[in-house]
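Numbers for residues simply follow the sequence, beginning at 1.
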Amino acid sequence: MKTIAILFCFVSLASAAEIRVNTDQPGAPINPTLYGVFFEDINFGADGGLYPELVKNRSFEFPDSMMGWSKTRGSCSILTADPFNAANPHYLRIEAETAVSNEGFRGMGVRQGDVYDFSAQIRGTAVLRVELVAADGRVLASAKLNGITPQWQKHSATLRPKATEAKARLSLIVEGRGTLDLDMVSLFPKATFKDRPNGLRPDLAQLLADLKPGFVRFPGGCIVEGNSLALRYQWKTTIGKLEERKLILNRWNDTFKNRPTPDYFQSFGLGFFEYFQFCEDIGAEPLPILNCGMACQFHSKDFAPLDQLDSYIQDALDLIEFANGPATSPWGAKRAAMGHSAPFNMKYLGVGNEQWGQEYIDRYAPFAKALKAKHPEIKLVAAAGPSPGDTRFKFLWEKLRELNADVVDEHSYASPKWFYDGATRYDSYPRTGPKVCMGEYAAHAKDKKNNWESALAEAAFMTGLERNADVVAMSAYAPLSAHVDAWQWKPNLIWFDNLRVVATPNYRVQKLFSANRGDVVLPTTVAGTNLYATASADKKTGEVILKVVNAAAAPVDVELNIKGVTGPARAIVLTSDKLTDENTLDDPVRIAPKEEAVTNVAPSFRHTFPSHSVTVLRLKMDHGS
Ligand code: AHR
């Protein structure tokens with residue numbers, strides 16, 4: 001009798017599940033920037049990651065000038081007299097019969113037959129042999145540089161490895177008598193994303209492009225702030241000639257004592273020009289974040305005095321000119337000199353990263369006043385601190401409403417439960433005033449794994465972002481990527497080693513939402529437990545896009561009421577057997593979307609959503625009806 005009662009209860013609950021989409025009265029337009037990416041040079045994300053230079057400390061400007069380099073034999077020294085470029089004063093002198101090698105970023109990943117461009121500024125009187133050497137000592141490729149003169153000059157050679165190797169190193173060997181001075185020693189893959197010179201690692205960049213992000217928020221994150229103002233990110237030092245970009249410590253170098261990366265610096269080979277270029281290449285809006293005169297508040301109280309903010313504000317004004325000004329303007333001319341005379345058409349600018357307190361408001365206000373006076377067309381993104389709900393957050397929202405901010409940047413690193421609960425977070429936000437950028441978020445499951453548990457919770461949360469597209473203008477998972485041998489923070493959207501990348505389940509969720517965004521929200525009601533949904537209309541294809549998250553451990557049969565739809569349809573389903581499942585470099589597609597046909601589509605039809613699943617249904621509208 002008891003069994004029958006339980007069964008009856010199960011059936012009645014299941015049959016009660018219903019999703020109703022109102023196709024007659026579309027809601028708010030969905031901002032094309034709703035789903036974006038957040039890039040920060042953390043976890044070897046730039047140097048050692050997206051920026052594919054293989055030589056670490058190529059300019060000998062690390063505080064320990066020989067870091068990354070080792071002498072195999074002979075004699076060498078670091079000098080500064082009469083350098084190749086005064087902005088980059090240190091260089092390496094190697095004597096006759098000397099060999100030095102560079103270890104790369106946890107090794108150098110090279111592929112059989114691919115082309116790698118070696119180059120260096122060299123002066124002296126000897127011949128240089130360059131070798132790419134495998135971990136077991138095999139020489140994979142070599143070249144000889146003759147014709148070196150006593151004047152600094154760029155010399156180049158091409159290396160084409162005869163085998164693939166994840167942990168190669170570069171050897172430089174002086175042949176014969178005489179000495180050589182070397183600087184800006186580079187080994188750069190010929191193949192870059194979109195073949196850009198000084199471009200990006202293609203597999204990583206392609207994964208980002210595949211997300212079809214509406215925006216790219218860069219360059220961070222805490223690295224914008226620095227642990228001190230002296231170590232803040234200054235965009236002006238990241239453009240122009242590579243040898244003139246001034247290297248600084250990466251703020252994540254020693255942040256986590258259990259994950260030290262003493263060899264983590266910012267070369268700025270990937271600088272603001274390259275970020276803008278990448279945004280343009282993938283059709284994303286650039287969202288640069290600038291320091292507002294505050295170092296990282298978790299670490300210091302190093303703030304620029306209020307009467308000394310002018311240079312910070314001027315940096316922001318100059319950035320707008322660099323991005324959008326005519327090629328004849330002083331900063332526009334610098335952009336043009338780098339090969340891009342047309343403006344980048346930047347529309348958004350972040351003032352500070354994750355700041356809080358009256359100190360932030362005191363700095364945001366003069367920034368906003370000065371920027372709006374000259375550039376009312378630029379939407380400013382203001383900070384809301386590190387925790388989305390604490391007193392700091394509430395204080396900032398109140399003040400930023402008073403100041404009529406354009407967009408407020410919320411950050412959340414929290415439990416999966418927070419994200420399930422957060423699916424309704426924006427339902428109660430005021431419909432006027434600043435828009436929300438949920439600019440950094442990630443569900444932290446047990447051990448901070450990128451597993452299906454965390455991804456599913458994020459998917460539920462994202463239904464709430466989309467349903468509230470009148471309030472939420474932008475969102476991004478954080479952090480974006482991590483080198484498996486050099487990370488400081490997890491979880492991350494993408495993991496990589498020197499040769500491979502893996503899209504996590506969290507990435508799969510982001511992509512599913514972003515690639516199936518739709519243009520306008522369709523009001524949706526959901527009846528049923530552990531069920532989350534959002535619907536939108538795609539004007540171009542004339543489809544209704546319904547996204548459903550079933551967070552329950554059992555499949556659920558749902559009645560779908562969507563006036564005007566007709567079949568057949570496509571269902572894209574993301575699910576996995578266990579919540580602890582992950583994608584790995586060796587098993588990268590364990591959790592990947594599968595497509596299936598849905599043949600019973602009608603204005604009212606039933607569909608079974610698998611346990612622990614995210615489903616996107618793309619349904620045609622019957623315009624004859
Ligand atoms: O995403 C990692 C860090 O988290 C960001 O740098 C910072 O903004 C936040 O605290």
Side-chain (Gln488) to main-chain (Ala486) donor-acceptor, under 3.5 angstrom:
yes
Quick one: are the ring centres of Phe218 and Phe278 less than 6.0 Å apart?
no
Would you confirm whether the ring centroid of Trp235 sits within less than 6.0 angstrom of the ring centroid of Phe322?
yes
Is it the case that the ring center of Trp418 lies less than 6.0 angstrom away from the ring center of Phe461?
yes
Take the angle between the ring planes of Tyr233 and Phe268 and call it parallel below 30°, perpendicular above 60°, tilted in between.
perpendicular
Under a 3.5 Å distance rule, please check whether Asn353 uses its side chain to pair with a backbone N or O of Gly221 as donor and acceptor.
yes
Out of Asn516, Leu522, Thr534, which one pairs with Ile545 under the side-chain contact (heavy atoms from CB on, under 4.5 Å) rule?
Asn516
Main-chain N/O of Ala554 paired to Asn550 side chain as donor or acceptor, under 3.5 Å:
yes
Can you confirm if the aromatic rings of Phe39 and Tyr275 lie within a centre distance of less than 6.0 Å?
yes
Correct closest heavy-atom pair for Ile591 and Ser576 would be CG1-OG, 3.5 Å
Taking all atoms of both residues into account, what is the closest heavy-atom pair of Ile248 and Leu231, and its distance?
CD1-O, 3.7 Å
Run the ring pair (Phe, Tyr, Trp, His ring centres under 6.0 Å) check on Trp397 and Tyr429 step by step: do they pass?
CA-CA 11 Å; Trp397 255 108; Tyr429 266 48; 5.8 Å; yes
Give me the ring orientation class for Tyr441 and Phe419: parallel if the planes are under 30° apart, tilted from 30 to 60°, perpendicular past 60°.
tilted
Between Phe256 and Trp252, what is the ring plane arrangement, given parallel below 30°, perpendicular above 60°, and tilted in between?
parallel
Classify the ring geometry of Phe496 against His483: parallel below 30°, tilted from 30° to 60°, perpendicular beyond 60°.
perpendicular
